[in-house]
There are 2 protein chains.
Amino acid sequence: MARTRRPRKSLLLGRAESTRRGPSPAITLGALNSHLGYFVRRLQIWVFQDFIRTLERIDLSPAQYSVLVVISANRGLSQAELAATLGVERARLVRLLHRLEGRRLIQRLRSSADGRRHALRLTPQGQTLLARAKTLAARHEARLIGRLRPERYKMLLDAMRDF
Amino acid sequence: MARTRRPRKSLLLGRAESTRRGPSPAITLGALNSHLGYFVRRLQIWVFQDFIRTLERIDLSPAQYSVLVVISANRGLSQAELAATLGVERARLVRLLHRLEGRRLIQRLRSSADGRRHALRLTPQGQTLLARAKTLAARHEARLIGRLRPERYKMLLDAMRDF
DNA sequence: TATTGTTATACTCTATAACTATA
DNA sequence: TATAGTTATAGAGTATAACAATA
């Protein structure tokens, strides 16, 4: 089992110059330096790389983690609600949930009130794995705080959260 | 021509609750709320959506824009250097550059000093299109400043840039 | 008719391996 | 042998359309 998942390495918009080795010709990012999106993307890739590696040992992707978290916090919600909350296509959720169900982490129960809906919930194994994932995720978050410096971390979190 | 490119809509980690319509069952994001990565991703998607729409009218993706920008700022650089700077695989650059070359926006010149390398540069058409793209990009950036509020925009940019 | 879950298709992006031609 | 550019493949993510069952 334990599907081989590999961390993402690339940035759509560009990468930190520090990655270039040696003195070399010193390539510049040009106009990319005046795009907030470039830096947001860079930070996002960096954070996700660490998060992917963090959850790798329990064979969970960030997407799977977020699915478990939202199901756990909203026991019995439907696939359409989950899709809307996570911003993924209903169609994509199908395979995602299928795999989690195959690993006995979640259950899909036909709703008695509305025969079209599946009520989603974690199995006991799912709850156990999510608890483990949250412990790992907390360590990841602590790592971020250390690397970004606590003041900057807090500033970024406050600014983005309240946006 | 004008390939149909569609804006990305989904968020790996989740979406703003505000997206949910009506009072409804009020689904919560649970533990996602304590992850900086979740908010960074959310902001990144939001910024990129606007950027993608911005460049759509000149049939340019963010990746293509960043390629043109870096070539423009580093005339004559090699594909390997470009790949390292942008953090994309050398392999992926091939097709990307092939398309830009097909549209006569860039040129690949065999290096006389080292027969293995291709020296990259913009064609006059490429320079013209990039100039147009930069104008559009500046409007996009102005939109971000307005939506995020100038103080927050500056704070975020400073914090991420100097990280 | 509209919605839920599902299947299918097409395209993008990522990771990797292997090939060629040069060095 | 190492590097630059290339080709090919496999997997994940995204956008879309269409279908059956249910409302």
Side-chain angles (χ1 to χ4, degrees), chain A residues 2-13 15 21-22 24 41 44-45 48-49 52-53 56 59-64 66-67 76-84 86-99 101 106 108-120, chain B residues 3-13 15 21-22 24 41 44-45 48-49 52-53 56 59-64 66-67 76-99 101 106 108-120:
Chain A
R3 292 183 303 110
T4 56
R5 48 174 49 268
R6 323 176 193 83
R8 313 270 165 63
K9 279 198 201 137
S10 77
L11 309 170
L12 233 186
L13 258 183
R15 155 187 294 176
R21 60 212 189 280
S24 37
R41 173 100 180 134
Q44 188 252 308
I45 298 284
F48 266 62
Q49 274 184 33
I52 288 168
R53 279 196 306 272
E56 216 165 24
D59 193 27
L60 222 51
S61 69
Q64 292 173 320
S66 63
V67 163
L77 86 170
S78 70
Q79 294 185 192
E81 288 169 334
L82 179 58
L86 291 178
V88 300
E89 293 295 324
R90 261 167 33 246
R92 202 198 141 208
L93 257 195
V94 175
R95 170 185 281 195
L96 236 163
L97 293 175
H98 204 71
R99 286 182 180 166
E101 197 175 30
I106 65 158
R108 284 192 257 210
L109 302 174
R110 188 135 236 131
S111 165
S112 49
D114 185 337
R116 294 170 302 181
R117 323 182 80 201
H118 288 174
L120 302 172
Chain B
R3 291 184 303 110
T4 56
R5 47 174 46 268
R6 323 175 192 83
R8 312 268 166 62
K9 280 200 201 133
S10 77
L11 310 169
L12 234 185
L13 260 181
R15 153 188 296 178
R21 63 214 189 274
S24 39
R41 174 101 180 133
Q44 189 252 308
I45 298 282
F48 266 63
Q49 274 185 35
I52 288 170
R53 277 196 307 272
E56 215 164 27
D59 191 29
L60 223 50
S61 69
Q64 291 174 320
S66 64
V67 162
L77 89 169
S78 70
Q79 294 186 194
E81 287 168 335
L82 178 59
T85 303
L86 291 177
V88 299
E89 292 295 322
R90 258 162 42 240
R92 203 198 139 208
L93 258 195
V94 174
R95 169 182 281 197
L96 235 163
L97 292 175
H98 204 72
R99 287 181 180 168
E101 197 176 29
I106 64 158
R108 286 192 255 212
L109 303 174
R110 188 136 234 132
S111 165
S112 49
D114 184 339
R116 295 170 302 182
R117 321 181 86 207
H118 289 173
L120 302 172

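Below, read A as the first sequence line, B as the second, and so on, with proteins coming before strands; counting in each chain starts at 1. Heavy-atom basis, side chains included; hydrogens, waters and symmetry copies ignored. Here the structure is a predicted model, which is why all the values come from computation and not from measurement.
The heavy-atom pair separating B:Arg92 from B:Ala63 by the smallest distance is NH2-CB, 3.9 Å. Closest approach of A:Ala83 and A:Leu93 over heavy atoms only: N-CD1, 3.5 Å. When all heavy atoms of A:Val94 and A:Gln79 are compared, the pair lying nearest together is CG2-NE2, 4.4 Å.
Spacing between atom CZ of B:Arg92 and atom C1' of D:dA8 amounts to 16 Å, rounded to whole angstrom units. Taking atom CZ on B:Arg99 and atom P on D:dT6, their separation rounds to 15 Å, with Å as the unit. When the C1' atom of C:dT12 is taken as reference, atom CD1 of B:Ile45 falls 14 Å away, rounded to whole Å. Between B:Arg108 atom CZ and C:dA21 atom P there is a gap of 16 Å when expressed in whole angstrom units. Taking atom CG on A:Leu86 and atom P on D:dG13, their separation rounds to 12 Å, with Å as the unit. Straight-line distance from the CG atom of B:Leu93 to the C1' atom of D:dT7: 15 Å, rounded to whole Å. Rounding to whole angstrom units, CD1 of residue B:Ile52 and C1' of C:dC11 are separated by 14 Å. Taking atom CD on B:Glu56 and atom P on C:dT12, their separation rounds to 14 Å, with Å as the unit.
Rounded to the nearest 0.5 Å, atoms CD (B:Gln64) and CD1 (B:Ile106) are 10.0 Å apart.
The side chain of B:His118 has D:dT6 as its nearest neighbour among D:dA4, D:dT14, D:dT6. The side chain of A:Ala91 lies closest to D:dT16 when the candidates are D:dT14, C:dT16, D:dT16. Considering only side-chain atoms of A:Arg41, the nucleotide from C:dT14, D:dG13, D:dT16 that sits closest is C:dT14. When distances run from any side-chain atom of A:Gln79 to the nucleotides D:dG13, C:dT6, C:dC13, the shortest one goes to C:dT6. Set against D:dA4, C:dT4, D:dT7, the side chain of B:Val94 has D:dT7 as its closest nucleotide.
Counting heavy atoms from C-beta on, the side chains of B:Arg108 and B:Leu120 come closer than 4.5 Å. Considering only heavy atoms from C-beta on, B:Val67 stays 4.5 Å or farther from B:Val88 through its side chain.
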Please write out each protein N/O paired with an N/O of nucleotides 20-23 of chain D under 3.5 Å, distance rounded to 0.1 Å.
from, atom 1, to, atom 2, distance (Å)
D:dT22, O3', A:Gly115, N, 3.4
D:dA23, OP1, A:Gly115, N, 2.6

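Residue contacts for B:Arg90: at a heavy-atom cut-off of 4.0 Å it reaches a base atom on one of the strands shown.
Side-chain atoms of A:Ser111 and A:Arg117 include no donor-acceptor pair closer than 3.5 Å.
Closest-nucleotide positions on DNA chain D for B:Ser78 and A:Arg95 were compared, and the one nearer the 5' end corresponds to B:Ser78.
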